[in-house]
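Take a look at the structure set out below.
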2 protein chains.
Amino acid sequence: MTMRQPKTRIQKKNTDAILDAALDVFSRQGFRGATLDQIAKAAGLSKPNLLYYFPSKEAIHVTLLSQLMDLWLDPLRHLDPDGDPVKELLTYVQRKLEMSRDMPRESRLFANEILQGAPRLSGTLGEALKPLVDEKAEIIAAWVAAGKIADVHPQHLIFSIWSLTQHYADFDVQVRMLLGGPEADPFPEAERYLKALFTRLLTP
Amino acid sequence: MTMRQPKTRIQKKNTDAILDAALDVFSRQGFRGATLDQIAKAAGLSKPNLLYYFPSKEAIHVTLLSQLMDLWLDPLRHLDPDGDPVKELLTYVQRKLEMSRDMPRESRLFANEILQGAPRLSGTLGEALKPLVDEKAEIIAAWVAAGKIADVHPQHLIFSIWSLTQHYADFDVQVRMLLGGPEADPFPEAERYLKALFTRLLTP
DNA sequence: CGTGTTCTTGACCAGTTGGTCAAAAAACGA
DNA sequence: TCGTTTTTTGACCAACTGGTCAAGAACACG
């Protein structure tokens, strides 16, 4: 697997299977807790075959994380300084909540990495995340200054959106248990709750 | 180490050192990612000596978790149905935030366990956590019914308190990076922000 | 077809893992 | 003090870890 760009059908199929399986395993076990055997088994490949497509366990993890960062920050990028402030923020909350519902593994992968001190992510965090958050924090600060939303600390507002939405993915086991069984879907009520919360918080 | 109750000075000192070291390691690496060698080194003991005090790696982890649950739920137990509702809840928020500040390792240990699907905790979760949360959710529901706080979903309110406060421990690396450097203490501003948030959310 | 390339795998390796054990070293108690 | 108990450890083990390699199987294509 020295070639980079030209992917045959087989290459595409297998790298996808590997990354999907690795997402399963890494998101549950963390980097150190995951094993190549688990990933290989989940991908339906042999271990040497994994290492034909990726040079190392770490390479799989890094690939996963860098793909994730883009996806993960996308909703924040869409925060429009010219839109209606409260509506913009509520839309952001909802998008993030949908991501927790539809991509819980990605959320847990990210959480695991941060919990461990972000050893493989601190670079990206400073280069991709920080500038974006700074930029959006300024927009929020401008909204506050203009009296269009209530007086809130921009960064902490962003933290609260992240924590409240990602909680439903990362602590999913706990949430479902406390709401009385795995059959019930927590998300419709979560959406209502968060919408009310941020409406009351932000409306001037 | 067959005797259970009668702890000599040495036993107390060493089991404490082991549990403290294990908390460090488990909270960062998760159960599978942690090794007995890491724990032993951090505790200043040899690996066989660890296993003189605890029968297995899992036993150390289980001991930590069961000790933690008690501590962790303590602030919620203090929620007083006869107190002033908003004040009671704000006090709970503040206690939880203080725990994130003063016991971040415990918070991360818990987060790690839940992230992994709570394999070693699902029992305790159902037996200790669920009844307590059910009880306190009823108190909150009664406050809502009496019009003493705004109309919020009790369980989701509790989730939001947990997620918002624990975020400052679990995602500490990210928080500090985005606030501009590890030197600044995020907690004073976090306290102000959360107090305002829950005041606006709960005041009828 | 045939042949060159891509893909797959069984066997293997060195380092690490959780855990054992017997014997030595400390600490204790009379 | 000396014998007993508690504590500590070096040597060791089988299972597992990430990773290698050479050889075979499947595929592409003229």
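Within every chain, numbering begins at 1; the chains are lettered A, B, ... in the order of the sequence lines, protein sequences first and strands thereafter. Because the structure is a prediction, the values reported are computed rather than measured.
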Separation of [X] atom [atom1] from [N] atom [atom2], in whole Å?
| X | N | atom1 | atom2 | value |
| --- | --- | --- | --- | --- |
| A/Gln29 | D/dT17 | CD | P | 10 Å |
| A/Leu36 | D/dG19 | CG | P | 6 Å |
| B/Ile39 | C/dG19 | CD1 | P | 10 Å |
| A/Leu50 | C/dG10 | CG | P | 14 Å |
| B/Lys47 | C/dC21 | NZ | P | 15 Å |
| A/Leu45 | D/dA25 | CG | C1' | 15 Å |
| A/Lys57 | D/dT17 | NZ | C1' | 8 Å |
| A/Ile18 | D/dG18 | CD1 | P | 14 Å |

Classify B/Leu51 by what it touches in the nucleic acid, base, sugar-phosphate, or nothing, heavy-atom distance under 4.0 Å.
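B/Leu51: base contact, heavy atoms under 4.0 Å.
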
Using a heavy-atom cut-off of 4.0 Å across all strands, would you classify A/Ala34 as base, sugar-phosphate, or nothing?
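A/Ala34: backbone/sugar contact only, no base atoms under 4.0 Å.
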
Presence of [X] side-chain N/O under 4.0 Å of [N] phosphate oxygens OP1/OP2:
| X | N | answer |
| --- | --- | --- |
| B/Gln11 | D/dT6 | no |
| B/Asn49 | D/dT9 | yes |
| B/Arg32 | D/dT17 | yes |
| B/Tyr52 | D/dT9 | no |
| B/Arg9 | D/dT6 | no |
| A/Asn14 | C/dT6 | no |

Presence of salt bridge, [Y] and [X], under 4.0 angstrom:
| X | Y | answer |
| --- | --- | --- |
| A/Arg192 | A/Glu189 | yes |
| B/Asp20 | B/Arg105 | yes |
| A/Asp74 | A/Arg95 | no |
| A/Asp37 | A/Lys41 | no |
| A/Arg77 | A/Asp70 | yes |

Could you check which of C/dT17, D/dG19, C/dG19 has an atom nearest any side-chain atom of B/Asp37?
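In terms of side-chain proximity for B/Asp37, the closest of C/dT17, D/dG19, C/dG19 is C/dT17.
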
Closest to the A/Ile10 side chain: D/dG19, D/dT17, C/dT8?
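That would be C/dT8.
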
Hey, which sits more toward the 5' end of DNA chain C by its nearest nucleotide, B/Thr35 or B/Pro48?
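Mapping each residue to its closest nucleotide by heavy atoms, the 5'-most match is B/Thr35.
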
